[in-house]
Number of protein chains: 2
Amino acid sequence: MNLQQALDILKSKGYKYTGKRERMVQIFSREDRYLTPKEVLGEMQEDYPGLSVDTVYRNLSLFEDLGIVEGTEWEGERRYRLHCGGDPHHHHLICKECGRTRSLNVCPMNAILGEPEDFTITGHKFEIFGYCKDCEAVSKNEGNCTHS
Amino acid sequence: MNLQQALDILKSKGYKYTGKRERMVQIFSREDRYLTPKEVLGEMQEDYPGLSVDTVYRNLSLFEDLGIVEGTEWEGERRYRLHCGGDPHHHHLICKECGRTRSLNVCPMNAILGEPEDFTITGHKFEIFGYCKDCEAVSKNEGNCTHS
DNA sequence: GCTACAAAACGGAATAATTCCGTTTTACAA
DNA sequence: TTGTAAAACGGAATTATTCCGTTTTGTAGC
């Protein structure tokens with residue numbers, strides 16, 4: 001999903017179109033990687049000093065409900081990125097260090113034959129974690145540190 | 001992994017073998033499903049009233065490092081279950097309501113051809129979420145409630 | 001069995017993430 | 001231009017998790 005599509009969702013679904021919401025979508029579009037709520041707050045405060053954390057959390061939650069962003073978590077921290085939907089369904093390689101992703105064109109659900117008995121599927125998650133080339137160099141220098 | 005295997009790991013790795021750790025492994029073995037730290041604490045306190053939360057968190061973390069339990073999270077809550085390792089590598093259908101799982105004998109990594117360029121894989125996650133038969137009936141009665 | 005010591009547990013407090021709520025501001029429809 | 005419901009505010013409450021100095025305990029060696 002690109003910036004315009006995301007903004008269109010906000011407009012068309014009848015939610016108020018505020019500068020803060022637009023800015024927040026722009027951040028996700030520009031960064032194009034997984035961000036923690038804290039990172040989002042930090043970038044927002046460059047334009048809106050003193051922005052309430054509640055506003056970020058509320059909008060992250062709204063954006064997730066609207067399918068504008070998608071969330072996951074690793075190393076105990078929740079993260080969000082612009083939703084990739086619209087394009088054919090796919091999954092990601094995720095760099096645990098910088099949050100950047102690479103698309104995988106396989107979905108393991110294709111190998112699942114129909115609905116299993118006595119179980120209703122509501123969703124699935126397939127993610128490959130690791131380090132991209134840039135970040136691997138960094139993590140090697142850090143030795144055994146459990147970097148946050 | 002069964003109860004005895006889990007206890008053997010604790011003994012053989014040179015960690016102290018305490019009644020609390022044994023009890024905690026028993027709980028995971030008996031429940032055989034994903035449990036939140038709070039649920040674990042609750043069950044532990046039946047035998048050890050006033051047990052420190054720190055003890056539960058410390059041991060959960062240790063058990064995860066030792067491969068005795070495996071963790072994941074959904075709906076914003078961290079959960080742990082007895083590690084299924086030892087058996088051939090596999091993944092799970094997970095009931096979001098009760099935390100019970102069903103094994104899947106497919107692993108999508110088999111379809112990933114070698115290591116992608118410029119990316120070092122350290123792990124992967126494939127989980128299918130939904131509701132088991134028992135819990136689906138419950139969730140239907142609850143209507144639109146976002147049950148916790 | 002007894003002792004010494006390091007590891008485990010304690011427990012209260014610190015930290016951090018997230019949510020709540022009453023009030024103020026604002027986008028937008030009429 | 002105005003009225004109104006939604007959004008944002010912001011401080012406080014809640015909750016999860018970790019920290020740390022102290023006490024207890026498992027276990028190896030005597």
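Atom set for the values below is all heavy atoms of this structure, side chains included, hydrogens, waters and symmetry mates excluded. So you know, we letter chains A, B, ... as the sequences are listed, proteins then strands, and number each from 1.
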Applying side chain to side chain donor-acceptor pair (under 3.5 Å) to Gln45(A) and not counting sequence neighbours gives none
Can a donor-acceptor pair be found, under 3.5 Å and without considering hydrogens, that links the side chain of Ser12(A) to the backbone of Asp8(A)? yes
Would you say the side-chain atoms of Ser61(A) and Arg58(A) include a donor-acceptor pair closer than 3.5 Å? no
Between the side chains of Thr55(A) and Lys20(A), is a donor N or O closer than 3.5 angstrom to an acceptor N or O? no
What parts of residues 20-31 of chain B reach DNA chain C, counting only heavy atoms under 4.0 Å away? Lys20(B), Arg21(B)
Taking atom C1' of dA16(C) as reference, at what distance in whole Å does atom CD of Glu75(A) sit? 17 Å
For the backbone of Phe126(A) and the side chain of His91(A), can you confirm whether one donor and one acceptor N or O come within less than 3.5 Å of each other? yes
Residues forming a side chain to side chain donor-acceptor pair (under 3.5 Å) with Glu70(B), sequence neighbours excluded: none
Return the NZ to CD distance between Lys11(A) and Glu22(A), rounded to the nearest 0.5 Å. 7.0 Å
From CG of Leu41(A) across to P of dA17(C) the rounded distance in Å is 11 Å
Would you kindly give the CE-to-C1' distance between Met44(B) and dA9(C), to the nearest whole Å? 11 Å
Is the shortest side-chain N to carboxylate O distance from Arg81(A) to Asp32(A) below 4.0 Å? yes
How many whole angstroms separate atom CG of Leu51(A) from atom C1' of dG11(D)? 15 Å
I'd like to know if Arg30(B) pairs up with Glu43(B) as an ion pair, taking the criterion as any Lys NZ or Arg NE/NH1/NH2 lying under 4.0 Å from an Asp or Glu carboxylate oxygen. yes
Which atom pairs link the protein and nucleotides 24-27 of chain D when you take only N or O atoms and keep those under 3.5 Å?
residue, atom, partner, partner atom, Å
dT27(D), OP1, Tyr17(B), N, 3.2

Do the side-chain N and O atoms of Thr120(B) and Glu136(A) include a donor-acceptor pair separated by under 3.5 angstrom? yes
Looking at every strand, decide which applies to Gly50(B) at a 4.0 Å heavy-atom threshold: base, sugar-phosphate, or nothing. sugar-phosphate
At a heavy-atom distance below 4.0 Å, what parts of residues 61-74 of chain A sit against DNA chain D? none
Do His89(B) and His124(B) have ring centres separated by under 6.0 Å? yes
Counting primed atoms, P, OP1 and OP2 as sugar-phosphate and everything else as base, the B/S/- map of nucleotides 14-21 of chain D against protein heavy atoms under 4.0 Å is --SSBBB-
Between dA17(C) atom P and Leu60(A) atom CG, what is the distance in whole Å? 14 Å
Between Glu64(A) and Arg78(A), does any NZ, NE, NH1 or NH2 come within less than 4.0 Å of an OD or OE carboxylate oxygen? no
Below 30° counts as parallel, above 60° as perpendicular, anything between as tilted: where do the rings of Phe129(B) and Trp74(B) land? tilted
